[in-house]
Amino acid sequence: MRITAEHLNFTYNPSSPFASKALKDVSLTIEEGEFFGIIGHTGSGKSTFVQHLNGLLRVPTSLKKYKAKKPKKGEILPPKTVLTVGEFDLTDKKTDFRALRKHVGMVFQYPEYQLFAETVEADVAFGLKNFSEKKLSDDEVKDAVKQALEIVGLDYEAMKDASPFDLSGGQKRRVAIAGVIVTRPEVLVLDEPAAGLDPLGKKEIMQLLHKLHKEWCQTVVIVSHDMDEISENCTKAAVFSEGEVKFVMPPSELFRHADELFSLGLDIPRTAKICRALEQRGVTLECDFTTEDLIRKALALKG
Amino acid sequence: MLKDVSFGQYYPVDSFVHRMDPRLKLVFLIAYIVAIFLAKNFYGLGACLLVLVLAVAFSRVPVRKVLRSMKGILFLVVFTAVINLFFYRGEEILFSWKFITISKEGIIFSIFLVLRLFLLVMCSSLLTYTTTPVALTDGLESLLTPLKWIKFPVHELALIMSIALRFIPILMDETERIMNAQKARGANFESGGLIKRAKAIIPVLIPLLLSAFRRAEELGDAMDARCYMGSKNRTKYKKLKFGWRDLIGFLLVAALITGVVLLRVYLGATI
């Protein structure tokens, strides 16, 4: 499913003293099959943007009404807001948002805090049961839950009857992710999937996402602060700052704009830092900023 | 959905009333309520209304916003008015049917009651519009200080109150986040019967409770780590000070009470 946003605006608490503009004229396209990264500061609008993708935040309908009116002479109407995910038109109030949510899985920040059921199996099955039109048989549920738990790297037999609250942090997160992907969404959106995990846990989560990307979900979108995470994993990345999109390009190009990123208060990955330091010393390495590629190019240089 | 529930309806502008001392504002509120109940005729209530209008004008809170606080008790107001209208035993009977009688006194009494309720709600909501919850608890603590003589834990009480108040918006945010997360997993909070809806709340309630406990524990640890021992020898970050605004307020409220009493003595009581 292709995701298209054009001229998307969003204001929190409109027409009150607390009004704050979170998105300003955001235009962005995420092609099917991409492993897309969204980078930005706290408050840059990145979370607001991803919450639009499955209809948790809506395009204000008053804007639409305004557009339906014929413009007066000399009046310039703001450009039309477009937001589509596959066939779903999210600017339309009549869209079936529950159907959309089945196709767009959303993993929030610290998803382990949304666990609630008595057993891991029941928790993972929650979304599955909610989304299915007909009542699923026990075997069907069991099958789907088993597959979901296994793809996130947990042992079904050992886990299914455990309380989700007795697990370790990393395990909880895996269960939470399993609870989202169990419905086989075509697009998987994750807000800071690796936040608060130890280095090994981070690495494992990213490996898991690659596995999901290959086998289950066509498109994966991650929101991240960690530039290394973006450069190592993403095929394309967008930079948000103060509600605007500043860059949309593959990481191999993006991190050449180091100075602009610094001025936005962002960082560049370690690999890009190494390349910069080498360049200042007169050695130019053309790499795509993945560790793998950096090593290869460095070895090639050595001859 | 949750954003519509405005809690702690503080309206952030800078005004005469906003800058008054919260302790005095609390005292004024009590004095004003006393004045409302001292007023036994419409002239007295008129004087109260005049003071309210002045206070609203100097608070720079939009009138519409203040009036909106009536919405919550509209039913109560209408209900009391109707009950009093029908069942007040007056002398000059205008209409009578079975056990319902409407008398002239009943009409007057109902109007009086509605006005009184209106003034009561308006003045208390004006206080919450112009005073932050934190300032309110600060003021309350200071006003309750005499209770310390009988070993009443005033400081602890104020602390509990301010922590509770502080946590309400945090828990609201949390609720919304959890609701969103469960909505993304297909939870449906908006349709279905009563039982179905009550059931739908469980996936929100359990994580919310857990997080409330977690936060309480964290806060307790943080306070312990800083050796927080309560009131002994603590100084305040924001010292409450009386100023000229409070003097004006005091004069106004004192004048109101005197006026209301004089009006009652010289013009007689309507009810």
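Values reported hereafter were calculated over all heavy atoms of this structure, with side chains retained and with hydrogens, waters and symmetry mates removed. We name chains A, B, ... by the order of the sequence lines, and we start the count at 1 in each one.
Other residues, nucleotides and ligands contribute at most 12 non-hydrogen atoms within 6.0 Å of the CD atom of B/Glu217. Annotation: A/Lys142, atom NZ; neighbour count of heavy atoms from other residues, nucleotides and ligands within 6.0 Å does not exceed 12. The local environment of CD in A/Glu242 is sparse, with at most 12 non-hydrogen atoms from other residues, nucleotides or ligands closer than 6.0 Å. Counted within 6.0 Å of CZ on B/Phe79, heavy atoms from surrounding residues, nucleotides or ligands total 12 or fewer; the atom is thus considered open. Atom CG of A/Asp138 has 12 or fewer heavy atoms from other residues, nucleotides or ligands within 6.0 Å. Counted within 6.0 Å of CD on A/Glu118, heavy atoms from surrounding residues, nucleotides or ligands total 12 or fewer; the atom is thus considered open.
Of residues 206-213 of chain B, those residues with a non-hydrogen atom less than 4.5 Å from any non-hydrogen atom of chain A are, in numerical order, B/Ile206, B/Pro207, B/Leu210.
In this structure a side-chain-to-backbone donor-acceptor pair under 3.5 Å is present from B/Gln182 to A/Gln114.
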Could you please spell out the steps behind the side-chain contact (heavy atoms from CB on, under 4.5 Å) verdict for B/Arg185 and A/Val107?
CA-CA 9 Å; B/Arg185 291 209 280 164; A/Val107 179; over 6 Å; no
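Residue A/Phe97 does not touch chain B at all, counting heavy-atom pairs closer than 4.5 Å. No part of A/Gln109 comes within reach of chain B, as not one of its non-hydrogen atoms sits under 4.5 angstrom from that chain.
By the 4.5 Å heavy-atom criterion applied to side chains, A/Tyr113 and B/Arg177 are not counted as neighbours.
Applying the side-chain hydrogen bond (donor to acceptor under 3.5 Å, both in side chains) criterion to A/Arg184, with sequence neighbours excluded, gives A/Gln147.
Across B/Ala184, B/Pro203, B/Ala187, B/Ala181, the residue that shares the most heavy-atom pairs under 4.5 angstrom with chain A is B/Pro203. Ranked by heavy-atom pairs shorter than 4.5 Å toward chain A, the options B/Asn180, B/Ile202, B/Val13 are led by B/Asn180.
To the nearest 0.5 Å, the span separating CG on A/Leu56 from CE on B/Met179 amounts to 11.0 Å.
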